[in-house]
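For reference, the structure is listed below as structure tokens.
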Amino acid sequence: MNVEKLFAELPEFETQRLKLRRLAMDDLDEYYAFASDPRVSQQSLWNCHETVEDSIQYIQRVLDNYERKTVHIWAFILKETGTLIGRGGIFHLNEPMQSAELGYAIASSQWGKGLAAEAMQPIVDYCFRELDCNRLEGKCNAGNIGSARVMEKLGMSYEGLLRKQLKIKGVFTDQKVYSRIRDDL
């Protein structure tokens, strides 16, 4: 897996309806609008952003992670309006094992339109074609049908259930695990 290439190129992507680029501090207002919706964070480890400062801190962590070359997050920009509607990327980059984990979040106003899968597809393709990944995986709460569907649309296979794996908002939650490997291409 070629992590250096990812952070040297800082790739941007374009799909039919979206542009994907690095998240930047200039995205603050639109990021806060999306991250302050409690529905978006309901099934996630991260909490709803209560203040703009929460979004500033998150974006700064993303910028720091770019510098440390540990996580790469893309902003999902709706081409029609130029509005940030979500974000997603790869983390848990493991060069020796040539693997990474996918994660994404999208504004609740955009749910059910296929935009999360559309946004993540070029990232998945890039991981296999350019970064030499052997395995990508993703996880979602057992009850998060929408997120499970995104991973299925990305060609990922259901591997199993991690029982009570995460404590989300004070509740131990089962996680579904999905993966796609190079041999699946």
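We're numbering straight along the sequence, starting at 1.
Side-chain N/O atoms of Ser108 and Asp37 include a donor and acceptor closer than 3.5 Å. Counting only N and O atoms by type, the side chains of Ser55 and His49 include a donor and acceptor under 3.5 Å apart.
What you find for Gly82 and Glu30 is that their closest heavy atoms are O-OE1, 4.0 Å. The two residues Cys140 and Tyr178 make their nearest non-hydrogen contact at SG-CE1, 4.4 Å. Taking each heavy atom of Leu84 and Ala75 in turn, the nearest pair found is CD1-CB, 3.7 Å. In this structure, Ile90 and Ala100 approach most closely via the heavy-atom pair CB-CB, 4.3 Å. What you find for Asn65 and Arg68 is that their closest heavy atoms are OD1-NH2, 2.7 Å. Of all non-hydrogen atoms in Pro122 and Leu20, the two that sit nearest each other are CG-CD2, 4.5 Å.
Separation of atoms CG (Leu115) and OG (Ser109) is listed at 9.5 Å; rounding is to 0.5 Å. Note that CG of Asp64 and CD1 of Ile59 are 12.0 Å apart. Values are rounded to the nearest 0.5 Å. Atom CZ of Arg180 and atom SG of Cys133 lie 11.5 Å apart (nearest 0.5 Å). Atoms CE and OG, from Met151 and Ser179 in turn, are 10.5 Å apart once rounded to the nearest 0.5 Å. Within the model, atoms CD of Gln60 and CD of Gln57 stand 10.0 Å from one another, a figure rounded to the nearest 0.5 Å. Interatomic distance, Glu80 CD to Ile85 CD1, rounded to the nearest 0.5 Å: 10.5 Å.
Gln98 places none of its side-chain heavy atoms less than 4.5 Å from the side chain of Leu131. Side-chain contact check for Leu136 versus Ser99: every heavy-atom pair is 4.5 Å or farther apart. Looking only at side-chain heavy atoms (C-beta outward), Leu162 and Val177 come within less than 4.5 Å of each other. Within the 4.5 Å cutoff, no side-chain heavy atoms of Asp174 are placed close to those of Gln165. Looking at heavy atoms from C-beta onward, Lys79 lies out of side-chain contact with Gln16 at the 4.5 angstrom threshold. Side chains of Lys176 and Tyr158 form a contact here, defined as non-hydrogen atoms less than 4.5 Å apart. Looking at Ile123 and Met120, their side chains come closer than 4.5 Å, going by heavy atoms from C-beta outward. Two residues are said to be in side-chain contact when any heavy atoms from C-beta on lie closer than 4.5 Å; Asn94 and Met1 fail this criterion.
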Report the C-alpha separation of Glu12 and Trp74 in whole Å, then their side-chain angles, then the decisive distance to 0.1 Å, and conclude whether the side chain to side chain contact (heavy atoms under 4.5 Å, CB included) test is met. CA-CA 8 Å; Glu12 295 186 356; Trp74 285 266; 5.7 Å; no
Apply side chain to side chain contact (heavy atoms under 4.5 Å, CB included) to Met25 and Tyr31, showing your working. CA-CA 9 Å; Met25 199 56 79; Tyr31 191 86; over 6 Å; no
Between Tyr32 and Ile56, does the side chain to side chain contact (heavy atoms under 4.5 Å, CB included) criterion hold? Intermediate values first, please. CA-CA 8 Å; Tyr32 175 69; Ile56 290 171; over 6 Å; no
Checking Leu18 against Leu78 for the side chain to side chain contact (heavy atoms under 4.5 Å, CB included) test, could you report, in this order, the C-alpha distance in whole Å, the side-chain angles of both residues, the deciding distance, and whether it holds? CA-CA 5 Å; Leu18 300 169; Leu78 198 57; 4.0 Å; yes
Yes or no on salt bridge (Lys or Arg N to Asp or Glu O under 4.0 Å) for Arg22 and Asp27, after CA distance, side-chain angles and deciding distance? CA-CA 10 Å; Arg22 273 178 62 149; Asp27 297 317; over 6 Å; no
Report the C-alpha separation of Tyr66 and Arg61 in whole Å, then their side-chain angles, then the decisive distance to 0.1 Å, and conclude whether the side chain to side chain donor-acceptor pair (under 3.5 Å) test is met. CA-CA 9 Å; Tyr66 290 146; Arg61 278 194 310 275; over 6 Å; no
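By the 6.0 Å contact criterion, CZ on Arg163 is open, its count of non-hydrogen atoms from other residues, nucleotides or ligands being 12 or less. Around atom CD of Glu53, more than 12 heavy atoms belonging to other residues, nucleotides or ligands sit under 6.0 Å away.
By the side chain to side chain donor-acceptor pair (under 3.5 Å) test, Arg182 pairs with Asp132, sequence neighbours left out.
A donor-acceptor pair is defined here as one N or O able to donate and one able to accept, closer than 3.5 Å; such a pair exists between the side chain of Thr173 and the backbone of Val171. Side-chain atoms of Thr81 come within 3.5 Å of backbone N or O of Thr83 as a donor-acceptor pair.
Both Val52 and Phe34 are part of a single hydrophobic cluster, where members link through side-chain heavy atoms under 4.5 Å apart. At a threshold of 4.5 Å between side-chain heavy atoms, the hydrophobic network of Ile, Leu, Val, Met, Phe, Trp and Tyr places Leu10 and Leu63 in two separate groups. Residue Leu23 is grouped with residue Leu28 when hydrophobic side chains (ILVMFWY) are merged at heavy-atom distances under 4.5 angstrom, including chains of intermediate members. Under the 4.5 Å side-chain heavy-atom criterion for ILVMFWY residues, a single connected hydrophobic cluster contains both Trp111 and Leu102.
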Which atom pairs, one a donor and one an acceptor, fall under 3.5 Å between side chains of residues 2-9 and the rest of the protein, sequence neighbours left out?
from: Asn2; atom 1: OD1; to: Lys5; atom 2: N; distance (Å): 3.0
from: Glu4; atom 1: OE1; to: Lys69; atom 2: NZ; distance (Å): 3.1
from: Lys5; atom 1: NZ; to: Glu130; atom 2: OE1; distance (Å): 2.6
from: Glu9; atom 1: OE1; to: Tyr126; atom 2: OH; distance (Å): 2.7

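Each of Glu101, Glu137, Met97 was evaluated against His92; a single residue qualifies, Glu101, per the side-chain contact (heavy atoms from CB on, under 4.5 Å) test.
Under 4.0 Å is where a charged nitrogen must lie from a carboxylate oxygen, and between Lys113 and Glu118 no such pair does. Salt bridge present: Glu159 and Arg135 bring a charged side-chain N and a carboxylate O closer than 4.0 Å.
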